[in-house]
There are 2 protein chains.
Amino acid sequence: MRISELARQAGTTPRALRYYEEQGLLRPARLASGYRHYEPQALGTVRHIQLLLSAGLNTAAIAEILPCIPDDVTVLAPTCPELLDALAVERNRITTSIDRLAAARAVLDRLIQAGSARDQP
Amino acid sequence: MRISELARQAGTTPRALRYYEEQGLLRPARLASGYRHYEPQALGTVRHIQLLLSAGLNTAAIAEILPCIPDDVTVLAPTCPELLDALAVERNRITTSIDRLAAARAVLDRLIQAGSARDQP
DNA sequence: CTAAACCTTGCCGTTGACGTGAAGGTCAAG
DNA sequence: CTTGACCTTCACGTCAACGGCAAGGTTTAG
């Protein structure tokens with residue numbers, strides 16, 4: 001499949017996919033014309049990238065982690081043991097983020113409570 | 001108190017506090033010299049700003065919400081009912097973020113599992 | 001009274017993940 | 001065989017939350 005089709009399926013843009021490639025997150029084959037050619041399993045990879053990006057990881061961290069994530073039925077865990085520390089760091093970062101988000105949500109909940117309580121005294 | 005002292009207590013910088021003021025999040029009084037003067041309760045306000053910022057709200061959203069948050073023993077809920085929708089929107093945004101973070105953490109957990117399992121087969 | 005340590009405004013720099021053309025090659029339909 | 005919809009590689013623009021520096025006024029310790 002070509003870049004626009006993959007972008008459509010992943011709900012993103014060709015520009016983003018080229019950016020991911022530039023950052024070493026994707027390695028599409030090339031047709032004779034120079035067009036990028038993506039295997040169907042690339043969709044899963046892009047989904048993983050999006051998930052990790054939305055979790056606050058940057059492309060450098062994702063580039064380290066991504067080869068360890070099984071796309072399909074390929075290799076299961078290439079060089080992952082070396083990354084256990086990095087993985088734990090990111091995991092902790094995420095947990096901290098979740099805690100902060102929950103705290104902020106609690107603040108909003110109190111406000112929503114107070115606000116809607118004023119309507120039915 | 002002056003700007004550096006507040007910054008110190010809040011664990012941030014004078015530059016950030018000026019930025020918050022520029023965005024309408026803080027309204028310190030001014031001394032005759034032109035120096036900013038902060039009431040002690042401003043510390044709580046800054047803490048709220050930091051919390052909401054770390055939850056992914058931008059300064060514009062915080063500017064809407066902040067007047068509704070009781071700093072101390074002041075007014076409880078000035079014009080909040082009008083903001084219930086905005087609050088709900090942000091709350092949903094936060095919940096979505098938490099879900100995504102949890103999903104990403106689950107991915108990392110699987111990797112950590114797989115990686116550390118390889119050491120004790 | 002002077003030097004250090006504050007403070008002010010103003011304005012440009014940074015970072016990350018892209019957006020947005022520009023200039024040109026490629027492919028499918030008519 | 002030509003149009004229009006793709007694609008390619010530059011390369012500069014954006015946005016948010018500040019960082020950092022300059023040029024100058026203020027305060028305070030000695």
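When reading the values below, keep in mind they use all heavy atoms of this one structure, side chains included, and skip hydrogens, waters and symmetry mates. Here is how names work: the chains are called A, B, and so on, in the same order as the sequence lines, proteins then strands, and each is numbered from 1.
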Quick one, A:Val107 with B:Ile94, criterion side-chain contact (heavy atoms from CB on, under 4.5 Å). Give me CA distance, side-chain angles, the key distance, then yes/no. CA-CA 11 Å; A:Val107 169; B:Ile94 291 176; over 6 Å; no
For B:Asn58, what residues pass the side chain to side chain contact (heavy atoms under 4.5 Å, CB included) criterion, not counting sequence neighbours? B:Ala60, B:Ala61
Starting at CG of A:Leu31 and ending at P of D:dT8, how long is that distance when rounded to a whole Å? 9 Å
Rounded distance in Å - CD1 (B:Ile49) to P (D:dA16): 17 Å
Between atom CG in B:Leu52 and atom P in D:dA16, what is the gap in whole Å? 17 Å
Return the value, rounded to whole Å, for the distance between atom CZ of B:Arg30 and atom C1' of D:dT26. 14 Å
What's B:Arg36 touching, base or sugar-phosphate or nothing? Going by heavy atoms closer than 4.0 Å. sugar-phosphate
Produce the list of close N/O pairs, under 3.5 Å, pairing protein atoms with atoms of nucleotides 21-24 of chain D; give distances to one decimal.
none

With clusters defined by side-chain heavy atoms of hydrophobic residues (ILVMFWY) lying less than 4.5 Å apart, directly or transitively, does B:Leu66 cluster with B:Leu84? yes
Could you pull out all residues at least two apart from B:Arg2 that satisfy salt bridge (charged side-chain N to carboxylate O under 4.0 Å, His left out)? none
Would a single hydrophobic cluster contain both A:Tyr19 and A:Val46, if residues Ile, Leu, Val, Met, Phe, Trp and Tyr are joined by side-chain heavy-atom contacts under 4.5 Å? yes
Separation of atom CZ in B:Arg18 from atom C1' in D:dG19, rounded to whole Å: 12 Å
Hey, which of these two, B:Thr13 or A:Glu5, hits DNA chain D nearer its 5' end, going by closest nucleotide? A:Glu5
Minimum heavy-atom separation for A:Pro67 to A:Ile62, with atom names? CD-O, 4.4 Å
Heavy-atom pair of closest approach, residues B:Ser97 and A:Leu101: CB-CD1, 3.9 Å
In this structure, how many angstroms lie between the P atom of D:dC15 and the CG atom of B:Leu53, rounded? 18 Å
Whole angstrom is fine here: how far is it from CD in A:Glu21 over to P in D:dC7? 14 Å
Could you go over nucleotides 27-29 of chain D and give all protein N or O partners under 3.5 Å, atom names and distances?
none

Minimum heavy-atom distance A:Glu21-A:Pro28, with the two atoms named: OE1-CG, 3.5 Å
Nucleotide nearest B:Tyr20 (side chain, heavy atoms from C-beta), chosen from D:dA16, D:dC7, D:dC18: D:dC18
Please tell me if B:Tyr19 has a side-chain N or O lying less than 4.0 Å from either OP1 or OP2 of D:dC18. no
Hphob cluster co-occupancy, A:Tyr35 + A:Leu43, side-chain heavy atoms under 4.5 angstrom: no
Where is the tightest heavy-atom contact between A:Met1 and A:His37, given as atom of each residue plus distance? N-CE1, 3.2 Å
Count I, L, V, M, F, W, Y as connected when their side-chain heavy atoms are under 4.5 Å apart, and connections chain through other members. Are B:Ile98 and A:Leu51 then in the same cluster? yes
Using five pairs at either end of the helix from C:dC1-D:dG30 to C:dG30-D:dC1, determine the angle between the two local helix axes and round it to 10 degrees. 0°
Does the side chain of A:Arg100 come within less than 4.5 Å of A:Thr96's, by heavy atoms? yes
Outermost nucleotides of DNA chain C that come under 4.0 Å of a non-hydrogen atom of chain A: C:dA17 to C:dC27
Atom-to-atom span, CE of A:Met1 to P of D:dC6 - whole angstrom: 14 Å
Is the shortest side-chain heavy-atom distance between A:Leu17 and A:Tyr38 below 4.5 Å? yes
Treating B:Gln50 as the side-chain partner and B:Ala10 as the backbone partner, does any N or O pair qualify as donor plus acceptor under 3.5 Å? yes
